[in-house]
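Have a look at the structure below, then the notes.
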Amino acid sequence: MDFSVKKLASGAGVFFSRAVQFTQENLGQAEKTELDAHFENLLTRADNTKNWTEKILHQTEVLLQPSPSARVEEFLYEKLDRKAPSRVTTAELLGQYMTEAANDFGSSTPYGQTLMKVGETQKHLGTAERDFIHSSAINFLTPLRNFLEGDWKTISKERRILQNRRLDLDACKARLKKAKAAEAKATAEHELRVAQTEFDRQAEVTRLLLEAISSTHVNHLRCLHEFAEAQATYFAQSYQYMVDLQKQLGRFPVGNTDPASQPLSTSTPPATLPVLQVASSNPGEATLNPVEVALPVSGTRKARALYDYEAADSTELALSADELITVYSLPGMDPDWLVGERGNKKGKVPVTYLELLS
């Protein structure tokens with residue numbers, strides 16, 4: 001019991017001594033042992049690494065899961081060491097609704113067919129997003145969290161110990177200055193040597209941990225490359241899905257072609273006109289196919305030539321970029337072509353070379 005009381009009293013005395021030293025330093029009434037410039041730079045770099053890692057981690061979590069409530073739920077599952085339930089992405093849910101709507105409206109109708117195709121693409125986009133989120137969580141978020149919850153906590157702990165050792169050292173220096181009697185000086189000098197040794201040892205331990213931040217940067221650099229690669233794969237897959245979707249939609253006219261809902265009329269059914277095709281400037285890269293829009297056969301409209309076009313034969317009309325011509329469609333005509341008129345000249349023109357004006 002006596003030993004425990006003495007130990008408790010000794011600990012209280014050390015704490016009081018540190019508190020007094022810390023207060024006097026802040027008031028400018030005591031000297032403070034300064035760390036060398038290299039050590040201070042290591043401390044600054046470590047603090048910056050911790051602060052930016054927290055910000056990058058948080059914003060990446062927001063990017064991968066924009067819903068705050070969903071992030072809180074995932075955090076709780078993680079802290080409880082339980083696997084979070086699989087969550088349907090917004091694109092997958094949209095695809096599901098579109099598919100169900102297509103079945104309700106009739107998958108054989110143009111609207112139902114289009115809903116089905118777009119819904120399937122949304123599901124593919126959702127799957128690609130899910131894969132991207134999963135890959136990023138493992139290869140990017142987890143290493144960042146491991147640093148903050150592991151290495152950084154160790155560094156913070158050793159820095160607190162170093163701070164206490166410094167306060168002990170400076171308190172010993174202050175007692176040595178105040179000592180008058182020879183015995184008191186000898187005791188103070190002994191305490192100072194012990195405090196200096198402990199401070200130097202702790203400073204070396206802390207320095208090694210701070211220098212290891214360089215390895216942390218290398219590890220985070222590798223993780224950042226993996227994150228960028230996963231994001232590039234996700235966007236490439238999404239782009240390809242949309243390219244494929246536009247190819248499929250090009251086969252479906254945009255117009256009211258459902259016989260059950262068509263008004264009674266003896267007029268000629270509308271032809272279809274693809275809109276401008278978006279071409280790639282890189283050879284071999286996929287292009288976006290046209291999407292058809294309705295155009296009355298009997299109507300005419302103005303169009304501007306987007307590019308020069310050289311007629312292949314006498315049935316075609318040559319074009320010069322930016323010139324204006326009149327265009328219209330004929331029954332049974334290939335939807336990729338229109339009849340163009342310029343003055344007394346007439347011939348077929350490819351719709352992808354035109355911008356319809358009216």
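Worth knowing before you read on, the calculation uses all heavy atoms, side chains too, and leaves out hydrogens, waters and symmetry mates.
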Any donor-acceptor pair under 3.5 Å linking the side chain of [X] with the backbone of [Y]?
X: Glu92; Y: Val88; result: no
X: Ser156; Y: Trp152; result: yes
X: Asp151; Y: Phe147; result: no

Can you give the donor-acceptor pairs under 3.5 Å from side chains of residues 318-325 to other protein atoms, not counting sequence neighbours?
{"unit_1": "Asp322", "atom_1": "OD1", "unit_2": "Arg304", "atom_2": "NH1", "d": "2.7"}
{"unit_1": "Glu323", "atom_1": "OE1", "unit_2": "Arg342", "atom_2": "NH1", "d": "3.2"}
{"unit_1": "Glu323", "atom_1": "OE2", "unit_2": "Ser320", "atom_2": "N", "d": "2.7"}
{"unit_1": "Glu323", "atom_1": "OE2", "unit_2": "Arg342", "atom_2": "NH1", "d": "3.1"}

Say whether [X] and [Y] are linked into one hydrophobic cluster, either directly or through other cluster members, by side-chain heavy-atom distances under 4.5 angstrom.
X: Leu169; Y: Leu167; value: no
X: Met116; Y: Met242; value: no
X: Val194; Y: Leu192; value: no
X: Leu162; Y: Leu43; value: yes
X: Tyr307; Y: Trp337; value: yes

[atom1] of [X] to [atom2] of [Y]: how many Å apart, nearest 0.5 Å?
X: Leu144; Y: Asn139; atom1: CG; atom2: CG; value: 11.0 Å
X: Glu40; Y: Leu35; atom1: CD; atom2: CG; value: 5.0 Å
X: Leu115; Y: Thr99; atom1: CG; atom2: OG1; value: 8.5 Å
X: Gln202; Y: Arg165; atom1: CD; atom2: CZ; value: 6.5 Å
X: Asn146; Y: Cys223; atom1: CG; atom2: SG; value: 9.5 Å
X: Met98; Y: Asn103; atom1: CE; atom2: CG; value: 13.5 Å

Query raised in the report: For Gln231, which residues count as a side chain to side chain contact (heavy atoms under 4.5 Å, CB included) partner, sequence neighbours excluded?
Result: Leu63, Phe132, Phe227, Phe235

Query raised in the report: Quick one: side chain to side chain contact (heavy atoms under 4.5 Å, CB included) partners of His124, sequence neighbours excluded?
Result: Tyr241

Check: [Y] and [X] side chains under 4.5 Å, non-hydrogen atoms:
X: Lys348; Y: Asp334; value: no
X: Asp47; Y: Arg159; value: yes
X: Ile155; Y: Ile213; value: yes
X: Leu141; Y: Thr60; value: yes
X: Lys157; Y: Arg160; value: yes
X: Ser329; Y: Leu338; value: yes
X: His38; Y: Arg207; value: yes

Requested in this report: Go through the steps for Leu148 and Thr53 under the test side-chain contact (heavy atoms from CB on, under 4.5 Å), then give the verdict.
Outcome: CA-CA 8 Å; Leu148 293 173; Thr53 300; 4.0 Å; yes

Query raised in the report: Hey, is CD on Glu229 packed in by over 12 heavy atoms from elsewhere, all under 6.0 Å?
Result: no

Query raised in the report: So does His217 have more than 12 non-hydrogen atoms from other groups sitting under 6.0 Å from NE2?
Result: yes

Listed by chain and number, what are the salt bridge (Lys or Arg N to Asp or Glu O under 4.0 Å) partners of [X], not counting sequence neighbours?
X: Asp104; answer: none
X: Glu158; answer: none
X: Lys346; answer: Glu341

Query raised in the report: Step by step, would you call Gln240 with Asp244 a side-chain hydrogen bond (donor to acceptor under 3.5 Å, both in side chains)?
Result: CA-CA 6 Å; Gln240 190 58 51; Asp244 295 341; 3.0 Å; yes

Under 3.5 Å side-chain donor-acceptor pair for [X] and [Y]:
X: Asp200; Y: Gln196; value: yes
X: Glu100; Y: Gln96; value: yes
X: Arg45; Y: Ser214; value: yes

Non-hydrogen atoms of [X] and [Y] that approach each other most closely:
X: Asn219; Y: Pro143; answer: ND2-CB, 4.3 Å
X: Gln237; Y: Ala128; answer: OE1-CB, 3.4 Å
X: Ile133; Y: Leu64; answer: CD1-O, 3.4 Å
X: Gly112; Y: Ala102; answer: O-CB, 3.3 Å
X: Glu310; Y: Glu316; answer: O-OE1, 4.4 Å
X: Ala203; Y: Phe39; answer: O-CE1, 3.4 Å

Report task. Show your reasoning for whether side-chain contact (heavy atoms from CB on, under 4.5 Å) applies to Leu356 and Val327. Result -> CA-CA 9 Å; Leu356 300 178; Val327 296; 4.0 Å; yes

Query raised in the report: Salt-bridged, Arg222 to Glu226, with N to O below 4.0 Å?
Result: yes

**Report entry** Under-4.0 Å salt bridge between Glu54 and Lys50
**Finding:** yes

Report task. Verify side-chain contact (heavy atoms from CB on, under 4.5 Å) between Thr352 and Asp336, making sure each step is shown before the conclusion. Result -> CA-CA 8 Å; Thr352 54; Asp336 291 336; over 6 Å; no

Requested in this report: Kindly indicate, with the supporting measurements, whether the criterion side-chain contact (heavy atoms from CB on, under 4.5 Å) is fulfilled by Asp170 and Phe199.
Outcome: CA-CA 10 Å; Asp170 290 336; Phe199 172 78; over 6 Å; no

